[in-house]
Amino acid sequence: MTSKIRKVVFPVAGLGSRFLPATKSIPKEMLPIVDRPLIDYAVEEARQAGVEHFIFITGRGKGAIEDYFDHAFELETTLSERSKREALAALSTTQLRHGAASFVRQQKPLGLGHAIWCARDIIGDEPFAVILPDELVRHERGCLAQMADAWNEKGGNIVAVAEVPDDQTFQYGIVAPGADDGRVAEVKGLVEKPAAGTAPSNLAMTGRYILSPEVFEKLKDGNLGAGGEIQLTDAMAKTIGDVPFHAVRFKGERFDCGDKAGYLAANLAYGLAREDIGPRLIELMPQIRGDLKR
Ligand code: UTP
C-alpha cells in the first residue's frame, strides 16, 4: 500500500440534465467559472494535493474534456507566431505530464458508484481520491490537500463534509458521526438522500473522497440505490468497520456548480476576486441588480 494518494478519479459522465440545453453539446464540466472550465479547477486542486495521475470517467459527448487536456498544436503555434505570450501562458494549466491522464468510458450513466467502479483496473490495489468537478471549493489550501492531511493521520476512507440546513439534508449523502473533535468526525453510518426528518445529522458529503480500494469489492454487486442509480454512498457504507472511516470539515467556501444559482454565484465570487475583472464587475452591479432607470 502506498503512503501517498497518487491517483484521482473525476467522474464526468453524468448527463448534466439541470443545465440543459447548454449541456446538450458541452459537457457540464467544461462550463467556465470566469475563464477556466470547472474541470480545470478540479485538476488544479488534485495537483496541489500531490496527485500524479488523473483518471477521467467520461461518456458520450464528453470529447471536449479530452481535447482540453491535449496539446493544441495549431492554436499554440499561431499564438506563438503572433507573440501572444499572455494567451499562451493561460494554457499552462491544461498541460498534463505525458501519460499522466487516462480516459475511461462509462458506457451508460448508471450512477456515481458505477462511474468510480469503471476506474478499478487503472487504480488497482491502492488508495485513491475522487473529486466531483461541479462541487467547487475555494481556499488557499485546496480541499483535497486538507483531506490528505487527515488521511496521513487516520488512513482508510475520508470524506469531505459541510454542515447544511436541516431542510436540505434530503439532497445529500449524510454522515452519522461518532467521536467528533469538531474538525474530524468518525463515520458510523452513511445514508444517501434521506427522507425529510430522518437524517442522522446535518453533515453532508460534498464531492471529495479519499478511498481505500476495498470499495471496489462493495461496488461489484451493482446494487441500485437512491434514484435507481448505483450509489457510491451505499458501497462506502459497507466498508464501515472494515477500514477506518472519517469525515473532515474543510476550510473554504463551497459552490454547488451543478445548480444554476450556485454556478452563477461561483462566477460572481471568482470574478469579484480577480484584480482584472472585480472592479469593473462592481461598477456593473447596479445594472446586474436592475437598479438602473431606463
Ligand atoms: P450529478 O448527480 O451531479 O449528475 O452527478 P449529473 O448528470 O452530472 O447532473 P444532473 O443532476 O443531471 O444535472 C454527480 C457527479 O457524478 C458524475 C457526474 O458527471 C457528476 O460529476 N456521474 C454521475 C457519472 O460520472 N456517471 C453517472 O452515471 C452519474
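Sequence positions, counted from 1, serve as the residue numbers for this chain. Both ligands and their constituent atoms are indexed starting at 1 by order of listing.
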Notebook entry, point to check: Going by an N to O cut-off under 4.0 Å, is there a salt bridge joining Asp259 and Arg18?
Noted result: no

Notebook entry, point to check: Do the charged groups of Lys218 and Asp242 touch, with an N to O distance under 4.0 Å?
Noted result: yes

Short side-chain to backbone donor-acceptor contact, [X] and [Y], under 3.5 Å:
X: Lys251; Y: Cys143; value: no
X: Thr198; Y: Pro194; value: no
X: Arg120; Y: Glu217; value: no

Margin query: Within the structure provided, determine whether Lys28 and Val12 are in side-chain contact (heavy-atom separation under 4.5 Å).
Written below: no

For [atom], what's the nearest protein heavy-atom neighbour? Residue, atom name and distance, please.
atom: atom 14 (C) of ligand 1; answer: Leu132 CD1, 4.1 Å
atom: atom 21 (O) of ligand 1; answer: Pro11 O, 2.7 Å
atom: atom 12 (O) of ligand 1; answer: Ser17 OG, 2.6 Å
atom: atom 2 (O) of ligand 1; answer: Arg18 NH2, 4.3 Å
atom: atom 23 (C) of ligand 1; answer: Gly14 CA, 3.9 Å
atom: atom 7 (O) of ligand 1; answer: Leu15 N, 2.7 Å

Notebook entry, point to check: Taking everything shown except Lys188 itself, do over 12 heavy atoms lie less than 6.0 Å from its NZ?
Noted result: no

Heavy-atom distances under 4.0 Å are what count here, so tell me which part of [X] touches ligand 1: side chain, backbone, both or neither.
X: Ala13; value: both
X: Val12; value: backbone
X: Leu110; value: backbone

Which atoms of ligand 1 sit under 4.0 Å from any heavy atom of [X]?
X: Asp134; result: 3 (O)
X: Lys28; result: 3 (O), 6 (P), 8 (O), 9 (O)
X: Pro109; result: 28 (O)
X: Leu112; result: 16 (O), 29 (C)

Check: Out of Gln106, Glu29, His114, whose heavy atom sits nearest atom 26 (N) of ligand 1?
Finding: Gln106

Checklist line | Where Gly271 and Leu281 come nearest, the two heavy atoms and their spacing | finding: C-CD2, 3.8 Å

Notebook entry, point to check: Are Tyr209 and Phe128 near enough that their ring centres are under 6.0 Å apart?
Noted result: no

Item checked: Ring centers of Phe69, Phe54 separated by less than 6.0 Å -> no

Looking only at distances, can you tell me whether any N or O atom of [X], backbone or side chain, sits closer than 3.5 Å to an N or O atom of ligand 1?
X: Lys108; answer: no
X: Glu229; answer: no
X: Ala115; answer: no

Margin query: Looking at ligand 1, would Gly111 count as a contact under a 4.0 Å heavy-atom criterion?
Written below: yes

Item checked: atom 16 (O) of ligand 1 protein-contacted, heavy-atom criterion under 4.0 angstrom -> yes

Check: Does NZ or CZ of Arg208 lie under 6.0 Å from the centre of the six-membered ring of Phe250, at an angle within 45° of the ring axis?
Finding: no

Check: Are Val130 and Val243 connected in the hydrophobic side-chain network, where two residues link if heavy atoms are under 4.5 Å apart?
Finding: no

